[in-house]
Amino acid sequence: MKSLQALAKDGGGDNLILQTTIRLTVPFIQLFGLYVIVHGHYSPGGGFQGGVLLGAAFILIALGYDLPTSKRHFPVRTNAILANSGALIYTGIATLCALLGGYFLDYSILTRLLPIDPIEWRSLGIFLVEVGVGLGVMCIMLSLYWDMASGGQMEEGL
Amino acid sequence: MIWQLDLLILLMVVICAIATITIRDLLGAAIVFGAYSFLLCLLWAEMGAVDVAFTEATVGAGISTILFIAAIFRTTRRSKD
């Protein structure tokens, strides 16, 4: 039985059928991930599941090609910025609600910022929070894979 | 809720679980664990817990299998015991 490292070194990443399949399916996986995030507040799914789907699409590129190609499609710097801004969107909206006089994550108080119906603010607020969760989960899943596949060096790996 | 379908899927879940801890090849064990997660997802969807099934399908069958493969890549493929 050949070891995985030897298989990866033999040019296992240059399979034409695999790469074409990945190139064709990744846009649809990303579209489905966006659908799950956007429809998360009134159907199964949500920020976490949609973020995992988006992250899995980028991990699929890293699996079928190699780590440098994956880093060219989604730079490490962008990954760090998006992951932190996702967490910032979540805590920012939640703290804003608290600062305006409501409870933590009580979106209906945001009607003091933009005067629309409090019921509509509840729907919009949970949507904004889920966008933040999705961004954070997508970037953390991808960087988890990068770190595990390259042993923390981020240079070469699976 | 169809109890015959429940029983069939549960039987396959148990078979996959026993296969996962018996197989010596770690890569094969990771793949069988992915199949186990997918069957568990089917069981939960059939029982009506669609949100849990969705999380199981994305995290259990998708990401954790890939992370297991990435971990096996850093070690040897053959289990010692």
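When reading the values below, keep in mind they use all heavy atoms of this one structure, side chains included, and skip hydrogens, waters and symmetry mates. Labels below follow one simple rule: chain letters A, B, ... track the order of the sequence lines, proteins then strands, and each chain is numbered from 1. Treat the numbers as computed from the prediction; the structure is a model and nothing was measured.
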**Q** Side chains of A/Q49 and B/T58: is there a donor and an acceptor less than 3.5 Å apart?
**A** no

**Q** Judged by atom type as modelled, is there a donor-acceptor pair below 3.5 Å linking the side chain of A/T78 to the main-chain atoms of A/F74?
**A** no

**Q** Quick check on B/T76 against chain A: is it the side chain, the backbone, both or neither that has a heavy atom closer than 4.5 Å?
**A** neither

**Q** Taking all non-hydrogen atoms of both residues, which atom of A/R112 and which atom of A/L100 are closest, and how far apart?
**A** NH1-O, 2.5 Å

**Q** For B/L67, is it the side chain, the backbone, both, or neither that has a heavy atom closer than 4.5 Å to a heavy atom of chain A?
**A** both

**Q** Mind ranking A/S43, A/G45, A/A56, A/G46 by heavy-atom pairs under 4.5 Å with chain B and telling me who comes out on top?
**A** A/G45

**Q** Would you please classify the geometry between the B/F33 ring and the B/F68 ring as parallel, tilted or perpendicular, with 30° and 60° separating the classes?
**A** perpendicular

**Q** Using non-hydrogen atoms only, which part of A/M141 is less than 4.5 Å away from chain B: side chain, backbone, both, or neither?
**A** side chain

